[in-house]
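So that the names make sense, note that chain A is the first sequence line, chain B the second, and so on, each numbered from 1.
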Protein chains: 2
Amino acid sequence: MRHEVYSILHTCARWQLVRVNNVKTSIKDIARAAGVSHSTVSRALSDSPLVNEVTRSRIHRLALEMGYSPDAGARSLVRGHTCTVGVVVTTIADPFSAEVVEGIEATAYSHGYSVILAASHDEPEREIAAVEMLRSKRVDAVIVTSSRVGALHQERLGAAGVPVILLNSHSLGGAPHTFSVRVDDQHGARLATEHLLMLGHRRLAHVAGPAGHSPSADRLAGYRAALAGVGVPFDPAQVIAGTGRPAAGEQALPQFLAMAARPTAVFCYNDMTAIGLLRAAHSAGLIVPDDLAIAGFDDIPFATYVSPSLTTIAQPKFELGQQAMSMALTLMSGVAEGVSDVVLQGRLVVRESTRIRG
Amino acid sequence: MRHEVYSILHTCARWQLVRVNNVKTSIKDIARAAGVSHSTVSRALSDSPLVNEVTRSRIHRLALEMGYSPDAGARSLVRGHTCTVGVVVTTIADPFSAEVVEGIEATAYSHGYSVILAASHDEPEREIAAVEMLRSKRVDAVIVTSSRVGALHQERLGAAGVPVILLNSHSLGGAPHTFSVRVDDQHGARLATEHLLMLGHRRLAHVAGPAGHSPSADRLAGYRAALAGVGVPFDPAQVIAGTGRPAAGEQALPQFLAMAARPTAVFCYNDMTAIGLLRAAHSAGLIVPDDLAIAGFDDIPFATYVSPSLTTIAQPKFELGQQAMSMALTLMSGVAEGVSDVVLQGRLVVRESTRIRG
DNA sequence: TTGTAAGCGTTATCAT
DNA sequence: ATGATAACGCTTACAA
């Protein structure tokens with residue numbers, strides 16, 4: 001990729017001015033300018049009632065003129081908290097966690113908290129490093145999404161008095177996490193599969209998610225539960241391994257076509273997988289939903305914009321974030337103890353990729 | 001949306017232990033436990049050569065056992081920097097800025113910097129508040145994407161010695177920003193339009209972006225320049241106002257169909273708009289690209305997954321972030337002065353939504 | 001109503 | 001090789 005750099009490095013008068021001004025003003029500077037003590041300035045700026053109205057406004061004006069900005073680090077040193085929460089996501093460029101973070105941010109903002117975001121890149125090592133960084137920055141709470149090692153954080157930070165909330169984390173061990181918010185994967189998968197069954201489909205198939213992930217296991221379990229519910233036998237051969245990415249859906253199609261009992265409907269681990277399958281079906285000349293009905297999971301923004309638009313399970317992403325942040329707020333206020341586990345239900349959204357079996 | 005809360009509030013032995021342990025250990029605590037002074041601990045933990053090897057390792061072990069975590073705030077107070085940069089985006093759930101932030105984060109991480117993310121929600125007021133918050137947190141540099149009031153930040157933070165890098169910001173005034181990284185919108189738009197012309201199209205149209213945004217103006221300018229380049233007259237009636245969202249593309253179609261000289265190819269402000277138009281065309285029974293060729297701008301991840309896949313201008317999003325962070329790094333090292341403006345070029349990606357006019 | 005002083009957890013400069 | 005001590009910017013008793 002070509003790029004051009006225009007760099008004017010000659011000494012610029014304005015920049016020199018800037019260099020001269022390169023001073024961080026502290027309350028002491030303001031105190032000196034106002035002819036008062038620095039504690040009076042501190043009180044004035046925090047609008048304490050124990051300060052004369054006239055000096056108060058004079059100090060406020062002075063602070064503005066001198067470009068004062070309070071040092072959050074110094075403040076938190078004495079106050080003992082930072083009004084900041086840390087959030088760990090696997091990757092920022094994931095539309096799913098993006099919406100979750102929006103929910104967290106909205107709730108945090110409305111309560112005067114700010115958010116530090118860190119990426120784990122789905123590596124336990126970097127996840128730990130991220131949490132450790134957040135701890136060093138003395139965040140008041142930590143929310144970790146899709147954690148691989150959530151229990152560890154809860155152990156370490158919990159001991160330091162920092163609540164850790166796990167969001168959609170993998171609880172493969174079976175032991176419930178101390179604080180967590182998650183969506184009911186099994187229930188959602190069951191909803192989607194039951195929808196396909198209700199449309200008259202009997203030869204179903206499933207493209208699974210990444211092996212070893214608990215959502216993969218839960219969604220598969222929901223799929224099986226729905227089949228069992230109507231007495232359709234479960235055939236392991238009709239579950240294709242996947243990754244959660246579009247390629248997995250694309251690669252699944254030939255396998256479906258080669259099956260003796262070719263499926264008429266497929267429930268995919270997530271929308272990305274479903275979109276890949278959709279694309280492959282389109283290339284192969286199959287008509288969706290007539291030749292093949294497809295259902296996804298997540299309801300990512302683009303589920304509406306593919307053709308045909310995608311039937312899916314809408315995860316309450318924004319609300320997931322809200323709930324996690326609310327739990328953090330509660331925990332920080334020191335009220336709650338014990339264990340609390342909020343589980344939200346997904347919602348079936350029927351679009352064009354599924355239809356009654358004609 | 002239904003949700004169930006399981007809350008076990010009974011006094012839990014393990015949690016009580018946690019409460020007892022609720023102590024933030026400082027170097028002084030370690031010093032006491034090790035029977036040395038706190039300055040020795042500080043030296044030992046920063047692996048200073050002026051400390052005995054045996055005490056060094058003893059202190060390290062102690063720190064680990066006691067769950068020590070250095071206080072970044074206190075450290076930055078004396079060091080004068082935080083090894084943290086602030087990034088302001090309009091919204092986190094935007095796939096475009098998400099990839100830019102990935103580029104920033106990757107470069108920051110590899111240089112030992114961490115990132116604080118803040119959202120402006122495209123409101124100047126909140127943008128200013130976000131930057132002010134970052135300043136309070138004493139970030140070493142600030143990167144603002146799509147800024148509305150970039151010059152203001154450069155004035156205020158520049159005076160405090162904090163470099164501000166503007167990324168794809170609106171420079172409507174015409175005056176170049178002091179430090180900025182951006183993509184050449186006009187050049188990209190010209191590329192896309194020339195592609196349509198080269199395919200043999202002569203009756204073109206454009207769905208514009210949000211009014212008052214400089215990218216909208218620049219992309220329109222590129223569109224016009226391409227037309228002028230081959231002597232095709234520009235007709236203002238063939239520019240439809242838009243918003244940058246899919247609805248704008250959908251609403252544009254009927255207007256195109258109503259035109260006397262119905263366009264055979266449309267260049268859209270961005271991919272979201274193009275996808276809306278694609279969808280409307282599909283619903284109206286038009287074949288893309290035969291009845292209508294469509295080109296977008298941005299190359300969002302889903303441009304590949306719509307049918308037909310979208311011809312577009314790929315913005316070097318990740319690189320945009322990398323360059324911005326690199327500039328920040330340079331600026332923080334105190335090397336550069338003056339003005340520097342990096343401009344990156346987009347790249348034409350031809351997919352299925354455009355084809356030679358038969 | 002205001003000033004003085006102590007202290008938050010670090011690092012850095014002295015001595016020793 | 002280690003220990004006192006000051007300093008960073010701020011809040012908050014305690015005094016006046």
Side-chain angles (χ1 to χ4, degrees), chain A residues 22-60 62-63 66-84 133 135-140 160-162, chain B residues 22-60 62-63 66-84 133 135-140 160-162:
Chain A
N22 189 338
V23 199
K24 319 232 189 217
T25 35
S26 74
I27 51 171
K28 284 185 185 166
D29 300 318
I30 301 177
R32 207 171 302 121
V36 295
S37 78
H38 73 277
S39 36
T40 301
V41 175
S42 174
R43 279 187 283 254
L45 292 177
S46 53
D47 291 316
S48 157
L50 315 97
V51 62
N52 187 300
E53 171 52 30
V54 47
T55 55
R56 197 199 68 89
S57 64
R58 187 162 50 101
I59 287 172
H60 266 273
L62 228 38
M66 301 174 71
Y68 171 74
S69 162
D71 187 308
R75 178 176 285 175
S76 76
L77 208 51
V78 35
R79 284 229 245 241
H81 60 263
T82 52
C83 285
T84 299
M133 180 272 281
R135 175 142 94 108
S136 252
K137 287 207 156 53
R138 293 293 184 265
V139 295
D140 298 332
V162 181
Chain B
N22 188 339
V23 199
K24 318 232 189 221
T25 34
S26 73
I27 49 171
K28 284 184 185 167
D29 300 319
I30 300 178
R32 208 171 302 122
V36 294
S37 78
H38 74 277
S39 27
T40 300
V41 176
S42 174
R43 278 188 286 255
L45 291 177
S46 53
D47 291 316
S48 157
L50 314 97
V51 61
N52 189 301
E53 171 53 30
V54 47
T55 54
R56 197 199 68 87
S57 64
R58 187 162 48 101
I59 287 172
H60 267 274
L62 228 37
M66 300 173 72
Y68 171 73
S69 162
D71 187 309
R75 179 176 285 174
S76 75
L77 208 51
V78 34
R79 284 230 246 238
H81 61 262
T82 52
C83 285
T84 299
M133 180 273 281
R135 176 142 93 107
S136 251
K137 287 208 156 55
R138 294 294 184 265
V139 296
D140 298 331
V162 180

Give the rounded distance in Å between these two atoms: CG of A/Leu77 and P of C/dT11.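 Nearest whole value for this atom pair: 12 Å.
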Please name all residues satisfying side chain to side chain contact (heavy atoms under 4.5 Å, CB included) with [X], sequence neighbours left out, ordered by chain then number.
{"X": "B/Leu77", "answer": "A/Asp71, A/Ala74, A/Leu77"}
{"X": "A/Asp29", "answer": "A/Thr25, A/Ser26, A/Arg32, A/Met66"}
{"X": "B/Thr82", "answer": "B/Ser76, B/Thr84, B/Arg138, B/Asp140"}
{"X": "B/Ala34", "answer": "B/Val36, B/Arg58, B/Ile59, B/Leu62"}

What pairs with [X] under side chain to side chain donor-acceptor pair (under 3.5 Å), at least two apart in sequence or on another chain?
{"X": "B/Arg43", "value": "none"}
{"X": "A/His81", "value": "none"}
{"X": "A/Ser37", "value": "A/Ser39, A/Thr40"}

Please give me the minimum heavy-atom distance between A/Thr55 and A/Asn52, naming the atom from each residue.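 Shortest heavy-atom separation between A/Thr55 and A/Asn52 comes out as OG1-O, 2.9 Å.
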Boundaries of the chain A footprint along DNA chain D (any atom under 4.0 Å from a heavy atom):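 Span of nucleotides near chain A: D/dG9 to D/dA13.
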Any chance you could measure [X], atom [atom1], to [Y], atom [atom2], to the nearest 0.5 Å?
{"X": "B/Ser69", "Y": "A/Lys137", "atom1": "OG", "atom2": "NZ", "value": "10.5 Å"}
{"X": "A/Arg75", "Y": "A/Ser46", "atom1": "CZ", "atom2": "OG", "value": "8.0 Å"}
{"X": "B/His60", "Y": "B/Asp47", "atom1": "NE2", "atom2": "CG", "value": "4.0 Å"}

Bending between helix ends of the helix from C/dT1-D/dA16 to C/dT16-D/dA1 [5 pairs per end, 10° resolution]: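 Helix axis angle between the two ends: 40°.
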Heavy atoms within less than 4.0 Å of DNA chain D: which residues of residues 25-33 of chain B have one? Give them sorted by number.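 DNA chain D contact set from residues 25-33 of chain B: none.
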Distances for protein N or O near nucleotides 1-3 of chain C N or O, under 3.5 Å:
| unit_1 | atom_1 | unit_2 | atom_2 | d |
| --- | --- | --- | --- | --- |
| C/dT2 | OP2 | A/Asn52 | N | 2.8 |
| C/dT2 | OP2 | A/Thr55 | OG1 | 3.1 |
| C/dG3 | OP2 | A/Ser37 | N | 2.8 |
| C/dG3 | OP2 | A/Ser37 | OG | 3.1 |
| C/dG3 | OP2 | A/Thr40 | OG1 | 2.6 |
| C/dG3 | N7 | A/Arg43 | NH2 | 2.7 |
| C/dG3 | O6 | A/Arg43 | NH1 | 3.0 |
| C/dG3 | O6 | A/Arg43 | NH2 | 3.4 |

Counting N and O atoms only, with roles assigned by atom type, does the side chain of B/Ser136 sit under 3.5 Å from a partner on the main chain of A/Pro70, one being a donor and the other an acceptor?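 It does hold such a pair.
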Please confirm whether the backbone N or O of B/Ala44 pairs with a side-chain atom of B/Ser48, one donor and one acceptor, at under 3.5 Å?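 No, the answer is negative, given that no donor and acceptor are paired below the 3.5 Å cut-off.
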Name every residue in residues 66-74 of chain B that has at least one heavy atom under 4.0 Å from any atom of DNA chain C, in order of residue number, or write none if there are no such residues.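 Nucleic-acid contacts, sorted: B/Tyr68, B/Ser69, B/Pro70, B/Asp71, B/Ala74.
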